Participant: 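Below is one structure. I have some questions about it.
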Amino acid sequence: MTDMDGRFLGLLLASRYAVALTGAGISVESGIPDFRSDDGVWAKFDPYEYGHIDSFRADPGKVWKLLLEMRTLVESASPNQAHYALGELERRGVLKAIITQNVDGLHQKGGASNVIEFHGSFRTMHCESCRKSYASSEVSLAKLPPRCRCGGPIRPDVVLFGEGIPDDAYSRAFEAASRCDLMIVAGTSASVAPASDLPMVAKRAGASIVEINPNASDLSPELCDLRIIETAGEAFTHIMKVFSSIHTEVKN
Ligand code: APR
């Protein structure tokens with residue numbers, strides 16, 4: 001365990017209301033590429049052409065090429081040590097919420113239940129024309145784009161560029177950020193608003209901010225009380241080994 005991990009452990013043990021903000025980096029060790037790294041999704045697909053609502057409206061079949069690739073990866077991926085650690089911290093009552101920008105459902109598969117999906121998920125879909133909702137399992141992807149009975153193109157309930165954050169996720173996330181005394185920011189470049197505003201909201205409310213990222217992000221270094229320059233899998237593996245034994249002792 002490094003010195004940084006030790007300081008993280010101290011903050012975790014002292015916290016009363018810890019919240020995590022996660023991004024694509026937390027799922028990289030599960031085999032899902034992030035967006036902005038050299039081998040990330042946006043190196044292969046232009047974000048405007050494949051990730052914007054206007055592009056979907058103009059050519060849904062084209063945008064579905066990216067959506068299908070993402071969905072296929074997400075379906076076969078399993079949680080890694082970081083997802084399991086956050087699930088365990090929630091179970092122990094230390095972590096109160098996970099705000100994730102990811103649409104892969106891996107936090108839930110890793111045992112967490114209070115997951116705020118800020119950018120939606122692949123579990124459900126809707127028709128872009130008549131807004132009818134669908135469970136993803138009932139939508140055939142044999143022909144793209146899938147079509148609603150009304151003829152409109154069906155799309156997953158993920159937030160595309162140019163769209164707002166779902167109301168419920170937005171209010172729950174900002175409420176959690178303004179309540180927490182510790183925010184763990186893991187695996188995000190913190191470059192996309194409004195998710196990138198959440199650490200500032202937490203900081204202003206008095207929380208400590210711990211960033212876990214092997215690379216530099218857009219999160220201002222002055223905002224961070226601690227920066228752990230490791231992958232999320234490494235950092236959480238290190239701290240959970242010690243945390244589990246100390247937390248049991250504290251509880252006894
Ligand atoms: N552990 C922790 N962090 C990692 C790891 C890892 N194993 N691997 C990469 N990272 C870091 C990268 O250094 C980078 O800072 O994760 C971050 C990923 O950043 P992005 O690719 O920008 O992903 P994210 O922050 O989730 O993007 C936000 O942008 O395109 C949209 O809607 C998409 O939700 C996404 C949003």
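On a predicted model such as this, the values are computed, not experimentally measured, just so you know. Counting starts at 1 for both ligands and their atoms, following the listed order.
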Participant: Among the heavy atoms of Pro214, does any lie under 4.0 Å from an atom of ligand 1?
Facilitator: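 Judged by the 4.0 Å heavy-atom criterion, Pro214 does count as contacting ligand 1.
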Participant: For atom 27 (O) of ligand 1, which protein heavy atom lies nearest, and how many Å away is it?
Facilitator: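 Going atom by atom, the protein heavy atom closest to atom 27 (O) of ligand 1 ends up being Arg36 NH1, 3.1 Å.
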Participant: Can we say Arg7 and Asp3 salt-bridge, meaning some charged N sits less than 4.0 Å from an Asp/Glu carboxylate O?
Facilitator: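 Salt bridge: no.
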Participant: Is the shortest side-chain N to carboxylate O distance from Arg179 to Glu175 below 4.0 Å?
Facilitator: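 Glu175 and Arg179: salt-bridged.
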Participant: Of all the heavy atoms in Asn213, does at least one lie under 4.0 Å from an atom in ligand 1?
Facilitator: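 Within the 4.0 Å threshold, so yes.
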Participant: Looking only at distances, please establish whether an N/O atom of ligand 1 is found under 3.5 Å from an N/O atom of Asn215.
Facilitator: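 Indeed, backbone or side chain, Asn215 has an N or O that close.
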Participant: Quick one: do the Ser217 and Ser189 side chains pair a donor with an acceptor below 3.5 Å?
Facilitator: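 Distance-only check fails for Ser217 and Ser189.
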Participant: So, regarding Ser189 and ligand 1 (criterion: nitrogen or oxygen to nitrogen or oxygen, under 3.5 Å), is there a contact or not?
Facilitator: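 Yes; at least one N/O pair falls below 3.5 Å.
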Participant: Checking a contact table here: which protein heavy atom is nearest atom 34 (O) of ligand 1, and how many Å away?
Facilitator: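 The answer is His119 ND1, 2.8 Å.
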Participant: Hey, are Gln101 and Thr188 close enough side-chain-wise for a donor-acceptor pair under 3.5 Å?
Facilitator: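 Judged by distance alone, the side chains do pair up.
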Participant: Polar-atom distance check: Thr231 versus ligand 1, any N or O pair below 3.5 Å?
Facilitator: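 In this structure, Thr231 places no N or O atom under 3.5 Å from an N or O of ligand 1.
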Participant: Partners of Lys203 by side chain to side chain donor-acceptor pair (under 3.5 Å), sequence neighbours excluded?
Facilitator: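 With sequence neighbours excluded, Lys203 shows a side chain to side chain donor-acceptor pair (under 3.5 Å) to Asp225, given in chain and number order.
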Participant: Please list the nearest protein heavy atom to atom 23 (O) of ligand 1 with its residue and the distance rounded to 0.1 Å.
Facilitator: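 Going atom by atom, the protein heavy atom closest to atom 23 (O) of ligand 1 ends up being Ala24 CB, 3.6 Å.
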Participant: May I ask you to identify the nearest protein heavy atom to atom 9 (C) of ligand 1, giving residue, atom name and distance to one decimal place in Å?
Facilitator: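 That would be Asp34 OD2, 3.6 Å.
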Participant: Please report whether ligand 1 has a polar contact with Thr188, defined as an N or O pair separated by less than 3.5 Å (distance criterion only).
Facilitator: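 Indeed, backbone or side chain, Thr188 has an N or O that close.
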Participant: Answer with side chain, backbone, both or neither: which part of Val28 has a heavy atom less than 4.0 angstrom from an atom of ligand 1?
Facilitator: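 Side chain only; the backbone of Val28 stays clear of ligand 1.
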Participant: Any ion pair linking Arg155 and Glu163 (charged N to carboxylate O, less than 4.0 Å)?
Facilitator: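 Yes, Glu163 and Arg155 are salt-bridged.
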Participant: Using heavy atoms and a threshold below 4.0 Å, how should the contact between Glu29 and ligand 1 be classified: side chain, backbone, both, or neither?
Facilitator: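 Contact part for Glu29 vs ligand 1: side chain (C-beta onward).
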Participant: Mark yes or no: Lys132 above the aromatic ring of Tyr134, with NZ or CZ under 6.0 Å from the six-membered ring centre and no more than 45 degrees from the axis.
Facilitator: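 Yes.
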Participant: Is the contact between Val192 and ligand 1 made by the side chain, the backbone, both, or neither, using heavy atoms and a 4.0 Å cut-off?
Facilitator: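 Answer for Val192: side chain.
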Participant: Name the closest protein heavy atom to atom 1 (N) of ligand 1, giving the residue it belongs to and the distance to 0.1 Å.
Facilitator: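 Of every protein heavy atom, Ala232 N, 2.9 Å lies nearest to atom 1 (N) of ligand 1.
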Participant: At what distance is the nearest protein heavy atom to atom 35 (C) of ligand 1, and which residue and atom is it?
Facilitator: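 The closest heavy atom on the protein side is Phe35 CE1, 3.6 Å.
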Participant: State which residues pass side chain to side chain donor-acceptor pair (under 3.5 Å) with Asp104; sequence neighbours excluded, sorted by chain then number.
Facilitator: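 For Asp104 the side chain to side chain donor-acceptor pair (under 3.5 Å) partners, ignoring immediate neighbours, are Ser27.
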Participant: For atom 6 (C) of ligand 1, which protein heavy atom lies nearest, and how many Å away is it?
Facilitator: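 Protein heavy atom with the smallest distance to atom 6 (C) of ligand 1: Gly25 O, 3.2 Å.
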Participant: Do me a favour and list the nearest non-hydrogen protein atom to atom 30 (O) of ligand 1 with residue, atom name and distance?
Facilitator: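 Result for atom 30 (O) of ligand 1: Trp42 NE1, 2.8 Å.
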Participant: What is the distance from atom CG of Leu89 to atom OH of Tyr84, rounded to the nearest 0.5 Å?
Facilitator: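 Answer rounded to 0.5 Å: 15.0 Å.
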Participant: What is the distance from atom CD1 of Ile98 to atom NE2 of His83, rounded to the nearest 0.5 Å?
Facilitator: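 Those atoms lie 8.5 Å apart.
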Participant: Identify whether the distance between the nearest side-chain nitrogen and carboxylate oxygen of Glu90 and Lys96 falls below 4.0 Å.
Facilitator: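 Not counted as a salt bridge, because no side-chain N and carboxylate O are separated by less than 4.0 Å.
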